[in-house]
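Notes for the one structure printed next.
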Amino acid sequence: MEVNIKTLIDQETLEKRIAEMAAELDRVYAGKELRIVGILKGSVYFLCELTKRMTIPVTLDFLSISSYGNGVSSTGVIRFNKDLDDPIDGMDVILAEDIMDTGRTLSYLVDVMKTRNPASLRVITLLDKPSRRVVQIEPWMTGFTIPDKFVVGYGLDYAQQYRNLPYIGVID
Ligand code: IMP
Ligand code: MG
């Protein structure tokens with residue numbers, strides 16, 4: 001099948017903004033014990049670019065969940081596939097996502113992570129589609145606010161495809 005993918009945010013623009021986010025994290029979390037928790041698999045490309053550019057000490061952990069849906073949007077029914085490797089009590093924790101859409105995934109994960117007593121807990125996302133929100137949650141830091149379009153690339157998939165595109169695109 002021929003698919004046409006139109007660039008929405010090019011690589012240079014993505015990486016410039018991610019560098020700004022890294023600098024902001026360096027500033028805000030200086031002297032803290034920062035743990036960044038990536039939500040698999042979509043956040044991986046974003047987190048590589050982000051953490052390479054940070055200069056303060058930071059440790060990483062990952063979790064993986066499935067939200068039962070049709071591949072295009074989540075339903076809110078969530079299952080843990082992989083939990084964190086290490087406890088987060090007393091740590092300054094950031095949950096990192098590729099995109100916030102309805103907000104269901106992150107609102108669920110924030111509730112779960114809060115029960116583990118981190119010193120602080122914030123949410124960052126590379127992309128945000130606020131027009132789609134059904135749960136009241138706002139990221140503490142966002143890379144780009146985008147319109148209500150289904151996007152792929154830079155970690156984001158459609159049926160597991162296109163994650164490795166070096167830009168954010170819209171399937172035509
Ligand atoms: P939420 O729970 O509705 O906020 O959904 C977040 C998850 O839905 C993301 O981690 C993605 O896996 C998926 N998602 C939402 N919008 C898009 C999109 O435009 N492209 C690819 N995946 C998306
Ligand atoms: Mg995802």
Side-chain angles (χ1 to χ4, degrees), residues 14 17-146 148 150-151 154-157 163 168:
L14 283 163
R17 174 67 188 130
I18 294 171
E20 288 172 4
M21 296 170 88
E24 178 71 1
L25 293 179
D26 274 353
R27 194 181 62 74
V28 174
Y29 286 91
K32 301 261 171 86
E33 208 179 335
L34 177 60
R35 166 78 39 89
I36 299 186
V37 172
I39 301 161
L40 294 173
K41 311 175 181 104
S43 69
V44 166
Y45 291 73
F46 167 44
L47 282 191
C48 284
E49 289 303 322
L50 182 77
T51 54
K52 275 191 293 180
R53 284 165 174 78
M54 292 173 63
T55 59
I56 59 165
V58 56
T59 55
L60 295 176
D61 204 343
F62 292 93
L63 56 82
S64 170
I65 51 162
S66 308
S67 52
Y68 294 96
N70 55 14
V72 176
S73 78
S74 60
T75 54
V77 185
I78 290 165
R79 185 188 70 189
F80 263 81
N81 300 321
K82 183 212 167 294
D83 204 338
L84 297 178
D85 288 338
D86 296 307
I88 53 169
D89 56 286
M91 304 198 72
D92 292 294
V93 176
I94 287 179
L95 269 174
E97 249 292 34
D98 50 4
I99 188 165
M100 192 186 284
D101 187 35
T102 65
R104 285 185 175 120
T105 306
L106 279 166
S107 124
Y108 170 80
L109 287 176
V110 163
D111 286 347
V112 172
M113 293 302 135
K114 271 187 187 157
T115 67
R116 301 181 184 184
N117 304 311
S120 69
L121 181 64
R122 283 172 169 155
V123 170
I124 65 173
T125 183
L126 178 61
L127 306 176
D128 188 14
K129 285 197 274 196
S131 60
R132 296 254 311 157
R133 205 80 85 245
V134 301
V135 185
Q136 209 186 357
I137 178 170
E138 294 311 320
W140 171 69
M141 188 191 279
T142 301
F144 299 87
T145 300
I146 63 167
D148 181 12
F150 193 82
V151 291
Y154 222 84
L156 290 139
D157 73 302
R163 290 193 197 275
I168 298 288

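What's counted below: heavy atoms across the whole structure, side chains too, no hydrogens, waters or symmetry copies. We number each residue from 1, following the sequence as shown.
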Which heavy atom of [X] sits nearest to which heavy atom of [Y], and what is that distance?
X: I137; Y: M100; result: O-SD, 3.8 Å
X: G90; Y: A119; result: O-CB, 3.4 Å
X: P130; Y: I146; result: CD-O, 4.2 Å
X: G42; Y: D98; result: CA-OD2, 3.2 Å
X: F150; Y: D157; result: CZ-O, 3.6 Å
X: A96; Y: S43; result: O-CB, 3.5 Å

Side chains of [X] and [Y], heavy atoms from C-beta outward: is any pair under 4.5 Å?
X: K32; Y: I56; result: no
X: M113; Y: V93; result: no
X: M21; Y: L50; result: yes
X: V28; Y: M141; result: no
X: L109; Y: V123; result: no

Please check: side-chain N/O of T125 versus main-chain N/O of L127, any donor-acceptor pairing under 3.5 Å? yes
Residues in side chain to side chain donor-acceptor pair (under 3.5 Å) contact with [X], at least two apart in sequence or another chain:
X: D83; result: R116
X: T115; result: none
X: S120; result: D92
X: R133; result: D128, E138

In Å, rounded to the nearest 0.5 Å, how long is the span from [atom1] of [X] to [atom2] of [Y]?
X: K41; Y: R163; atom1: NZ; atom2: CZ; result: 5.0 Å
X: I36; Y: F46; atom1: CD1; atom2: CZ; result: 8.0 Å
X: T105; Y: I65; atom1: OG1; atom2: CD1; result: 5.0 Å
X: S131; Y: D148; atom1: OG; atom2: CG; result: 4.5 Å
X: K129; Y: T145; atom1: NZ; atom2: OG1; result: 12.5 Å
X: M54; Y: L47; atom1: CE; atom2: CG; result: 10.0 Å

Passes side-chain contact (heavy atoms from CB on, under 4.5 Å), L106 versus I39? Steps please. CA-CA 9 Å; L106 279 166; I39 301 161; 3.7 Å; yes
In chain order, what residues pass the side chain to side chain contact (heavy atoms under 4.5 Å, CB included) check against K82, with sequence neighbours excluded? L40, D61, S64, D85
Looking only at side-chain N and O atoms, does R35 offer a donor or acceptor that is under 3.5 Å from a partner on T59? yes
So the side chain to side chain donor-acceptor pair (under 3.5 Å) pairs with at least one residue in residues 20-30 (sequence neighbours excluded) are R17-E20, E24-R27, D26-T55, Y29-R122
What verdict does the side-chain contact (heavy atoms from CB on, under 4.5 Å) test give for F144 and L14, after you've listed the backbone C-alpha separation in whole Å, the side-chain angles of each residue and the deciding distance to 0.1 Å? CA-CA 9 Å; F144 299 87; L14 283 163; 3.8 Å; yes
